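Notes follow once the structure below has been shown.
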Amino acid sequence: MPRNDVSSDRSTFERKVDFTGSFAVVLAVIGCGLFALSMPSVPDHGYQFYLARKLLGGATLYVDVAAADMHPPLFTWFATAIEVVARPFGMTGLDIYPATIVFFIAASLYALWQIGPRSPFVHMMYALALLPLSGPYMGQGEHLAILCALPYIAASVASPRALTARPVVRFLLATAAAFGLALKPYFVLVWIGTELYRANAHGRRSLVRLESVTIAVWFLVYVLATVVITPQFFGMLPWLMELYPRFGHAPIRAFVMDPRFLLLIIAVIAGRISRLEPEWQRVADILSIAAIAMYVALVVQAKAWGYHWYPVTALSVVLIGITLRPYAERVRLAIPILAVVAVFWMNRQVDRTATLLVAAPGYLGRLLELTEKHARGGPIVAFAENIHVGFPLVNYAGVEWASPYAHLWMIPAIYADSWYHGAPWHYRESGEWRELEQQMFDRLWAAIENERPSLMMVQVPLTNGFNTTAYFVTDPRFRDLFRRSTPIETVGHYIVVTVRYEN
């Protein structure tokens, strides 16, 4: 009898802990979501929604705009669809994009809870990974890939009883995963790793199950749609594949000496040596595979940029959370404390993103004032190798962009040895890149001649020895353009000039 009383007390305690934890997770997601709705637009999103506006106006992708964009068109199509939805309400796609991402996150977290196994603590780790940990990268391709693919990844190791047998639900999970993983070709490694793991456990016949076939079909449809709708992308691929790896290339030590790589190692080892129940062990195994796949994708891209690291970090955090679950769930206040941390962290990330926009390298606040004063709604353009100076400035100022390029990343790629390694500069020297370089000059000039921008931002001479003005005045057309330009103010890394045109 006493033993039954103890068992009853323990069961009551566990139910209270489960309710407290679940309630805390819900409040954390709501709190983080509310702050996420005010997340400022980062440059990549600004440019994508500018592309959406131009496409709806009749521009041709990879010709009139995005003429040197390495990314396949899926994200641009996604942004265009959001723009279409927003316009009847008198808004832009950029206005409602944070709400769209918050909805996706909520749907992903709901699906993860339904799939099982269930644990409020692990669910809080999912929420931490998808909300505050994403920070300035919220809504980037890497973030979308993780939040869309996580339910599919978890479902691949769920017990048949935990996963609903309704084919429509399984189809939707696979469709969401296909969208997220198709955003970049490298992400296909997650799909391959997930299906091979399942095939090893359930036999090769699982490779033709509904989820795997659905994702494969969507990948094929996407490739065919790209061929039909934007064949220009494949026309750019030869020179992009040759040139883009030279832009921002990071040495291999950047990928093995980074603390986030150590986090991945700790997470994978913890997932293997922890004594977990079989269902949780399967989840830990599949998350380890996904994290390693995303790390390989990171190395293949060879950039080591912050948002490229996000999938590795997010999956590692969740994996570590799974290994800590048996201990954390014994502490009743662990989840509420994490909930408070998540909300404050999300608020901090919103502030941090806003600060990044107004400081280097964007200087959005001051450039916006100058654009509104001197451009007066007319087109603008920037001579700079980074995207931050032009976007989201163009979106917020409501002006046009007098260039087929988001930014001139081609310059540091063409002169990679001088840009990154200090070799002597030889502007427009004949050689391997001469044809591509001439194409860049010609297409940029054609856009400027057609749009006649009234305001330009020119990058100041850099510490690596590159002088933007000296480079462009090697072309007589740009020499004349700069001759007719009047500097009005230097803002951080940029000289802002007005342009006088002869009728």
Side-chain angles (χ1 to χ4, degrees), residues 37 39-104 138-141 144 148 175 179-180 182-184 218 221-236 364 368 371-372 375-382 387 389-407 443-444 446-455:
L37 292 177
M39 181 68 74
S41 171
V42 295
D44 285 341
H45 296 160
Y47 187 61
Q48 287 298 328
F49 281 96
Y50 174 75
L51 293 181
R53 174 158 63 91
K54 297 297 288 184
L55 260 61
L56 292 173
T60 301
L61 193 62
Y62 304 122
V63 177
D64 304 317
V65 291
D69 200 333
M70 186 66 179
H71 299 100
L74 184 57
F75 197 108
T76 306
W77 292 344
F78 176 54
T80 303
I82 297 175
E83 183 75 20
V84 170
V85 171
R87 286 189 173 185
F89 301 96
M91 296 185 291
T92 68
L94 197 61
D95 294 332
I96 68 171
Y97 190 56
T100 304
I101 298 304
V102 170
F103 173 79
F104 277 25
M138 193 181 79
Q140 294 273 62
L144 282 172
C148 289
T175 297
F179 168 73
L183 287 167
K184 286 190 176 182
W218 277 122
V221 169
Y222 174 41
V223 172
L224 292 177
T226 304
V227 171
V228 173
I229 300 173
T230 59
Q232 299 84 359
F233 174 73
F234 296 97
M236 294 196 311
L364 177 61
L368 182 58
T371 299
E372 291 174 340
R376 298 185 180 89
I380 66 172
V381 72
I387 192 175
V389 61
F391 298 89
L393 172 63
V394 165
N395 310 82
Y396 291 162
V399 297
E400 294 296 322
W401 183 245
S403 173
Y405 309 113
H407 56 119
R443 299 188 75 170
L444 180 59
I448 290 175
E449 189 176 39
N450 181 62
E451 296 287 344
R452 298 167 71 92
S454 55
L455 194 73

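Side chains included, hydrogens not; waters and symmetry mates left out as well; all remaining heavy atoms used. None of these values were measured; they are calculated from a predicted model. Positions are given from 1, in the same order as the sequence printed here.
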* Asked: Does F234 CZ have over 12 foreign heavy atoms under 6.0 Å away?
  -> yes
* To do: Have a look at W77 and tell me which of T226, I82, L51 forms a side chain to side chain contact (heavy atoms under 4.5 Å, CB included) with it.
  => T226
* Residue list, side chain to side chain contact (heavy atoms under 4.5 Å, CB included) with V102, at least two apart or on another chain -> A36, L37
* Mind checking what makes side chain to side chain donor-acceptor pair (under 3.5 Å) contact with T371, not counting sequence neighbours? -> none
* Partners of T175 by side chain to side chain donor-acceptor pair (under 3.5 Å), sequence neighbours excluded? -> W218
For residues 393-402, dump all side-chain donor-acceptor pairs below 3.5 Å to protein atoms at least two apart in sequence or in another chain.
residue: N395; atom: ND2; partner: G46; partner atom: O; Å: 2.8
residue: Y396; atom: OH; partner: S41; partner atom: N; Å: 3.4
residue: E400; atom: OE1; partner: Y50; partner atom: OH; Å: 3.3
residue: E400; atom: OE1; partner: K54; partner atom: NZ; Å: 2.9
residue: E400; atom: OE2; partner: R53; partner atom: NH1; Å: 3.0
residue: W401; atom: NE1; partner: Y405; partner atom: O; Å: 2.8

* Is the backbone of H45 close enough, under 3.5 Å, to the side chain of Y97 for a donor and an acceptor to pair up by distance? -> no
In a table with atom names and distances, give each donor-acceptor pair under 3.5 Å that connects a side chain of residues 57-65 to protein atoms at least two apart or in another chain.
residue: Y62; atom: OH; partner: H71; partner atom: O; Å: 2.7
residue: D64; atom: OD2; partner: T60; partner atom: N; Å: 2.8

* Structure fact -> Nearest heavy-atom contact between A447 and P404 is CB-CD, 3.6 Å
* What heavy-atom pair brings T76 and Q48 nearest, and what distance separates the two atoms? -> OG1-OE1, 2.6 Å
* Structure fact -> So OG1 of T80 and CG of L56: to nearest 0.5 Å the spacing works out to 5.5 Å
* Structure fact -> So the salt bridge (Lys or Arg N to Asp or Glu O under 4.0 Å) pairs with at least one residue in residues 70-85 (sequence neighbours excluded) are E83-R87
* To do: Go through D95 and F89 one step at a time and tell me if the side chain to side chain contact (heavy atoms under 4.5 Å, CB included) criterion holds.
  => CA-CA 11 Å; D95 294 332; F89 301 96; over 6 Å; no
